[in-house]
Participant: 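The following block contains the structure, expressed as structure tokens.
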Amino acid sequence: MPLFGFGRPALPFPHPWNYRDPLKIFETFYCGAEKATGSGKHNRYLYVAGFPPVLLSRDPGIIKAVLGATGDKPGQFDRDTSPTRGIARATGEDSLLYSNGEIWRRQKRLSAEPFSRSNLFQPEKFHGFEQTFRQTVAERLGALRSRQQASGEKVIRIELEPEIKVVMLEMLVNNFFGGRVSYEELRERFVPGLVFLIDHMVSDTVAPITQALSRMLTGRHAILKQKQADFEILTDIALSGRLEGLGLWSQFKSDATDEALRSNIRVFLAGAMEATTSFASWAISHLSHAPHIQEQIYEEVKDMSVYDPNNLASAATLNRVLEETLRLTPALYFLPRRATVDTWVETADHRKMLIPKGTHVRLDVWHANRCEEFWGKAVTGYPAEAFAPERWEVLAKKGITSRDMLHFGFGHGPRFCPGRFLGLLEVGLVVGAVVKIFKFKAVGERTEARAGVSTKPGDGVLVDLELRS
Ligand code: HEM
């Protein structure tokens, strides 16, 4: 595709004036794509003299093939670190998220056991976490309930995303890492600090020099230093449970020093809060436009007092809502890769594509999952751009599962998300508990997406909230 063109939503690369709208940058790649035939319809190359090529793909077959061929073996794709430089500067270069090759392999081995399905979803261990998670969620929603009762109003208007963020960080820091931070301190100090830093990570990736200059001129430099210091304190708190074997630490067997674990802990704290908040916020946002689905979930959870793996599995609508949420509005909207050598990739239906060495590959999950050709009416019974959990029932009747129809909500292949089971547990609990206590209705007719490190509902999940009687 050419670098410039008329009538496009943005320039096809991030710069200081458009980087806050990355979904528009990606959209630009598909301008005129409908006229392309063959693989050019969904796989778009940008060549600029003197720079390595950029390949954007919304082709699920290619996305799957590239993800499957990513790893530490010679000739495999690396995770492209260029879109996450700001994250690395804030969290460390040797984290599981940022590193490649041998360091990545070592970090992956270290985190495998505590995050595994067999660990988290084994009934005994699950109960341990589930009880503490549930207590946390119940306390926070109890506070929200009291706020509503005290207001004397039947309905209160509220942005739910900020509330969700605190609960998510609380579950991570206190329940998962065994820390002891008060709700007030999380809310007033650590959550705003992380939000500031996450925003900084994005601008620090796109325009590090202009950002640094503007910080110096506006006095924001001192604020950044303060937030970074708070982040280190939170990391110390998460690590402090290790000696006593609190929370997840009881499952962690390694002689790695605390220092060697710091980058990963920082990534888990910032990344997991961001991803789980995105996931839960989108699920609640979608439900706020679909009262009838809220009622179906309510019927499933109203008498559920224990959320064990069997109970959760039996909540079919809730599970379909979570699946559909990740499909339509994935937290991570693109997965970056880099070809380390000239690489032929082959899709399951035997299409082949050569990706030249050095290519920056952007696997555009957001647009792949909204493409009518792959997810539309003809395939799933519902338009691709609609939130329709029922499509999973249609697919199931055809004998197709989410393993066959990949939406890449947790990635795929060797660099698959290690926090998947933890995230699903947390988000399932929060969404189930909110539906059990409240009815909620979106204030706006449509909710637009905003995207930074992850995607979020543009209105902060602004809803009219009503207590169930
Ligand atoms: C529930 C919400 C979550 C979603 C939707 C999510 C999504 C993802 C996705 C799509 C990837 C793949 C990235 C890629 O292939 O480039 C990923 C990787 C990762 N996730 Fe998650 N994640 C979630 C929760 C978590 C949690 C709770 C943690 C940790 C506590 C976590 C830690 C990580 C790490 C460290 C990686 C990098 C793994 C590697 O490169 O080997 N995530 N996540």
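Being a predicted model, the structure only gives us computed values, none of them experimental. In listed order, ligands and their atoms are each counted from 1.
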Participant: Do any N/O atoms on Arg337 end up under 3.5 angstrom from N/O atoms on ligand 1?
Facilitator: yes
Participant: Side chain or backbone of Phe279 under 4.0 Å from ligand 1, or both, or neither, by non-hydrogen atoms?
Facilitator: side chain
Participant: Taking the six-membered ring for Trp, are Trp249 and Phe177 parallel (under 30°), tilted (30 to 60°) or perpendicular (over 60°)?
Facilitator: tilted
Participant: Applying a 4.0 Å heavy-atom criterion (strictly less than), which segment of Leu96 is in contact with ligand 1: side chain, backbone, both, or neither?
Facilitator: both
Participant: Report yes or no: is the cationic atom of Arg58 (NZ for Lys, CZ for Arg) under 6.0 Å from the centre of the six-membered ring of Tyr30, at an angle within 45° of the ring normal?
Facilitator: yes
Participant: Ignoring angles and geometry beyond distance, decide whether Arg420 reaches within less than 3.5 Å of ligand 1 through its nitrogen or oxygen atoms.
Facilitator: no
Participant: Identify which one of Val430, Val321, Ile297 satisfies the side-chain contact (heavy atoms from CB on, under 4.5 Å) criterion when paired with Val435.
Facilitator: Ile297
Participant: When you look for heavy atoms under 4.0 Å from ligand 1, do you find them on the side chain of Phe176, its backbone, both, or neither?
Facilitator: neither
Participant: Tell me which part of Arg79 gets within contact of ligand 1: side chain, backbone, both or neither, using heavy atoms under 4.0 Å.
Facilitator: side chain
Participant: Between Leu144 and Phe438, is any pair of side-chain heavy atoms under 4.5 Å apart?
Facilitator: yes
Participant: Any side-chain heavy-atom pair from Met168 and Glu426 closer than 4.5 angstrom?
Facilitator: yes
Participant: Go through ligand 1 atom by atom and flag the ones less than 4.0 Å from a non-hydrogen atom of Pro418.
Facilitator: 19 (C), 20 (N), 33 (C), 34 (C), 35 (C), 36 (C), 38 (C)
Participant: Can you sort out the partners of Phe51 under ring-ring contact (aromatic ring centres under 6.0 Å, His included), two or more places apart, ordered by chain and number?
Facilitator: none
Participant: Would you mind listing which atoms of ligand 1 come within a distance below 4.0 Å of any non-hydrogen atom of Gly409?
Facilitator: 5 (C), 7 (C), 10 (C)
Participant: Please list, chain by chain and in numerical order, all residues satisfying ring-ring contact (aromatic ring centres under 6.0 Å, His included) with Phe374, sequence neighbours excluded.
Facilitator: His42
Participant: Going by the order shown, which atoms of ligand 1 are within less than 4.0 Å of some heavy atom of Ala272?
Facilitator: 26 (C), 27 (C), 28 (C), 29 (C), 30 (C)
